[in-house]
Each structure stands twice: as structure tokens, then as C-alpha cells.
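Chain identifiers are assigned alphabetically (A, B, ...) following the order of the sequence lines, protein sequences preceding nucleic acid strands; residue numbering begins at 1 within each chain.
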Protein chains: 2
Amino acid sequence: MTENDKLTEEKIFEAATDVFVDKGMDGARMQDIAIHAGINKALLHYYYRTKDQLFNAVFEMIAGKVLKKFAPVFEDNLSLEEKIRFFFKEHIKFLQENPKLPAFVLNEINRNPARIKKLLKNVHFETLWQKLYEQHKSELGKYNITEDALPQLMVSIAALSVFPFAARGLIEGILDKVGVDFNDYIEQRKEFAAEFVIRAIRK
Amino acid sequence: MTENDKLTEEKIFEAATDVFVDKGMDGARMQDIAIHAGINKALLHYYYRTKDQLFNAVFEMIAGKVLKKFAPVFEDNLSLEEKIRFFFKEHIKFLQENPKLPAFVLNEINRNPARIKKLLKNVHFETLWQKLYEQHKSELGKYNITEDALPQLMVSIAALSVFPFAARGLIEGILDKVGVDFNDYIEQRKEFAAEFVIRAIRK
DNA sequence: ATTCAGTTAAACTATATAGTTAAACCAACA
DNA sequence: TGTTGGTTTAACTATATAGTTTAACTGAAT
């Protein structure tokens, strides 16, 4: 029973994830989620009393997953250039497997910016920043980055990786017209983005 | 009467623009639009029979406006480096004045990718691409771009400009925690992004 | 065998919303 | 002065949706 129980809860959670990611909070329907989970509405409400509750559970899981993917950047194991190459390779790979997450997360955050505060509460950026700066202090002389410009650099790196997925509808539309396949384009991007950034910061 | 007529239609259109951009198609309410326009629902439906009609009118106007802002890139008046500097300065300035447009446009396109096809139908990217390549053919030797990599470069440039606005909720949340003001950050970005790209493509 | 939790089906409530309608109002204008 | 079209008010219809309720069913545990 308890196992069955968990199975159902998981089924619901997965179905809800699919539907919310696809349609957004406003566009998603509880009935639709129930059908996707292979159950009925009554049981859905039996597990998650309200749509808000269910959405919050899903959103926190996904946003957490997405944000965690930036963690390796702050680990101290690689040189700056290696780190950049590693990041784009792994991060874009993650997005290839989960192409709809960026648009979903960004949209829901913009729709309700208060959500993000809860998620960032336990992240100490000052410390991370500092850590990153210390790690590469000796290398930084080689590069064209001041500590001051770190936020610009970080956002730029994120942008190069995430934007093609966040703007997928548009980009796919354009690539179609010039006969380029989106997946091929993304595959290429892993290396292009890495080299692009490395060139940009080199003195 | 006809003038008054136009005034009302404009009022409606502006109110609808505000509300749709803010809440998205799914989140917007006709009642809310009517109130914003200073009229009532009956009159709103008198001018635009359905929500879909009104939304399409608004969306096409905005998406057109947003896409048109990329046009200067294809004009033949500046060197490549000058163009890049000009683009970021002007494009980010436009986004400062219309900070919510990127998130709105990208989200609605992702929610309904068919929309974009209509907008791109009359744009001949092959020609534009070719044109751009011809314009800077003689310069290109200096830079690290093959014709093949142009789509990567263009998307990267767009990403660096647009992403901070598309992901504003998140980025503002992070910047807050490290004591940086979003507007200051954006102001800085005009130059940072331009130099970043120019360095990235230089041999 | 009884109990109990998970589950279903189906009807139900309550509410929000898109869109309609009809009657009246009013300013221009012919 | 009477007509007309933009406008309001307010009530209305129709529908979609979140969430509830109730009765019945099922399979496992005690």
C-alpha cells in the first residue's frame, strides 16, 4: 500500500511536471493532469489539496534542479578555461535532455518574482563570488576580467547556454528558413560558446 | 466622432498591450483590459469581438516592433566593430524602455510556435545572411568567423542583449543579494557586451 | 470477517470569465 | 427636431474550471 501510495504520488508529480512545464501555471488544467497521471480528479485532490500546492511542489523541484546545474562553476578542480569548456558541454547537454525547462522557469519567475526569493534564500552569492575570485586569482592576470565585471561575465555565460532554449520557438523558426536543424545547431553550440567566451576574456 | 472613435480604439489597444504584456494571454482578463482603458466590457467587445482577435493584434504589433530592432544589423553603413557597438547601445536602450517585451514575446512564441511563422514569412533570411556576409567579406579575414558560424554569432549577440531582460526576475534576485542595482547593471552591459563580442571574434 | 486506505465514478457547488443583449443616454449633425 | 452611432449599465447566457461530496468498490492487513 505504502509503495503503491508512493507510486501514485510519483505518477501525479510526473504528470503535473509535464503539464505545468508545457502549459504553464495559468494554462494547466487539473483535469488534464489527472488524465496524464491515469487517475481521476478526486484522487488528484486527495493527494494535493490545491492546484497551487501542486504547482509549488513542481516548481521548486524544477527550479532547484535548473539552478543546481550551475554549481560546478564554483567548484575548485579545473582551470578557468577548462571550467568554461566543461560547463558548456555539460550544461547544454542537460538542456538538450530538458529543453523546455528554461522557458518554463523564466516565465514563472517573471510572472511571480517573489517565488525566486525563496529559492535563493539559502544561496550565499557573496561567498560564491569571493570563492570563485580566490580560485582563479592567480590566473586572472591573464584574462580581461576585473572582480567588478564578474556578474557581467556570469550572466553572459548563462545567456549563451540558456537563451537558445528560452527562445527556441523563435530560433527554430529562423533556422528552419535557412535550412539548419535546431539539434545540429545546439550540438555545434557546445564548442562554439566555449571558444567564444575564452576568446572574449583573453587579453 | 471618428476622432473620438480612434481615440477609444487606441485606448483599448494600449490598455490591452499593457495587460497582455504583464499577464500573458492566459493570465489576462477582458474585464481588466476594459478597466485599464477606462471603458466597459460591452464597448471593448464592440471594438474587438473576441479576446483572440485583440491578442493577435497586440502580439503582432509587439513582436514586429521587437524583431524590427534587429534590422540595423543588416544595413550597410558601418564597419563590423562599429556595428556591434552601435547595436548593443541602441538595442539595450530600447529594452530599457520596454523591459517586459522579451519575456512576453518569447513566452507567447513558445506557448504557440505557429505564431512566429506568420511573422517570419516575409523575411528572407538567406538574402539577409548573404548580404551581411558580402558587406563584411573584406573584413572577415581579420575575424574568427566562418560564414557557417554566422547563425551562432547572431544568436550569441541577441542572447547577450536580450537574456538579462528575459530572465530579469532571476537576475534581479541575484543582483539584489550582491548589492548591485539592475539598472546600473544594464547600463554597464551596453559596453561590456560590445567589447565581449569584439574580443571573441578577433583573431 | 472486518477494517481501512486507496481508488473510482459521477454528480454537485461555487466561481470566474468570455461574450451577448437590451434599454437608455448623449452629443453631433443634417 | 429627429436620426445616428458611440457609450453606459446591468442583467444575462454559456461554459470552463477548481474543488467537494457521496456511495461504492478493491485488495491487503489485522
Asker: Check the distance between dT20(D)'s C1' and Leu44(A)'s CG and give it to me in whole angstrom.
Answerer: 13 Å

Asker: Nearest whole angstrom, please: distance from the P of dT15(C) to the CD of Gln31(B).
Answerer: 18 Å

Asker: The side chain of Met30(A) is closest to which nucleotide in this list: dT21(D), dG19(D), dT7(C)?
Answerer: dG19(D)

Asker: Go through dA18(C), dT8(D), dT7(D) for me and flag the one nearest to the Arg29(B) side chain.
Answerer: dA18(C)

Asker: Would you mind reading off the distance between Leu43(A) atom CG and dA5(C) atom C1', rounded to a whole angstrom?
Answerer: 11 Å

Asker: Nearest 0.5 Å please: distance from the OG1 atom of Thr8(B) over to the CD atom of Glu10(B).
Answerer: 9.5 Å

Asker: Output the rounded distance in Å from CD1 (Ile12(B)) to C1' (dT7(D)).
Answerer: 11 Å

Asker: Please report, rounded to the nearest Å, how far the P atom of dA18(C) is from the CG atom of Asn40(B).
Answerer: 15 Å

Asker: Relative to each other, are the rings of His91(A) and Phe70(A) parallel, tilted or perpendicular (30° and 60° limits)?
Answerer: tilted

Asker: Taking only N and O in the side chain of Tyr46(B), is any of them less than 4.0 Å away from OP1 or OP2 of dG5(D)?
Answerer: no

Asker: Could you name each residue pair satisfying ring pair (Phe, Tyr, Trp, His ring centres under 6.0 Å) that touches residues 19-41 of chain B, not counting sequence neighbours?
Answerer: Phe20(B)-Phe55(B)

Asker: Without decimals, in angstroms, what is the distance between Ile33(B) CD1 and dT17(C) P?
Answerer: 12 Å

Asker: Gln31(B): what forms a side chain to side chain donor-acceptor pair (under 3.5 Å) with it, not counting sequence neighbours?
Answerer: none

Asker: How many angstroms lie between atom NZ of Lys177(B) and atom CZ of Phe125(A), to the nearest 0.5 angstrom?
Answerer: 6.5 Å

Asker: How long is the line joining CD of Glu10(A) and C1' of dG6(C), in whole Å?
Answerer: 16 Å

Asker: Once you round it to whole Å, what is the distance between P of dT7(C) and NZ of Lys11(A)?
Answerer: 7 Å

Asker: Counting side-chain heavy atoms from CB outward, which of dT7(D), dT8(D), dA18(D) is closest to Thr8(B)?
Answerer: dT7(D)

Asker: Given dT7(D), dT21(D), dG6(C), identify the nucleotide with an atom nearest to the side chain of Ala42(A).
Answerer: dT21(D)

Asker: What does Ala34(B) touch in the nucleic acid at a heavy-atom separation under 4.0 angstrom: a base, only the sugar-phosphate, or nothing?
Answerer: nothing

Asker: Could you go through nucleotides 11-13 of chain C and list every protein N or O atom that sits under 3.5 Å from one of its N or O atoms, giving the distance for each pair?
Answerer:
none

Asker: Working to the nearest 0.5 angstrom, can you tell me the gap between Thr17(B) OG1 and Asp22(B) CG?
Answerer: 12.0 Å

Asker: Just compare dT20(D), dT8(D), dT7(C) and give me whichever is closest to any side-chain atom of Arg49(A).
Answerer: dT20(D)

Asker: Which value, rounded to the nearest 0.5 Å, describes the distance between His45(A) atom NE2 and Ile39(A) atom CD1?
Answerer: 9.5 Å

Asker: Could you work out which one of dT8(D), dT20(D), dA18(C) sits closest to the side chain of Ile39(B)?
Answerer: dT8(D)

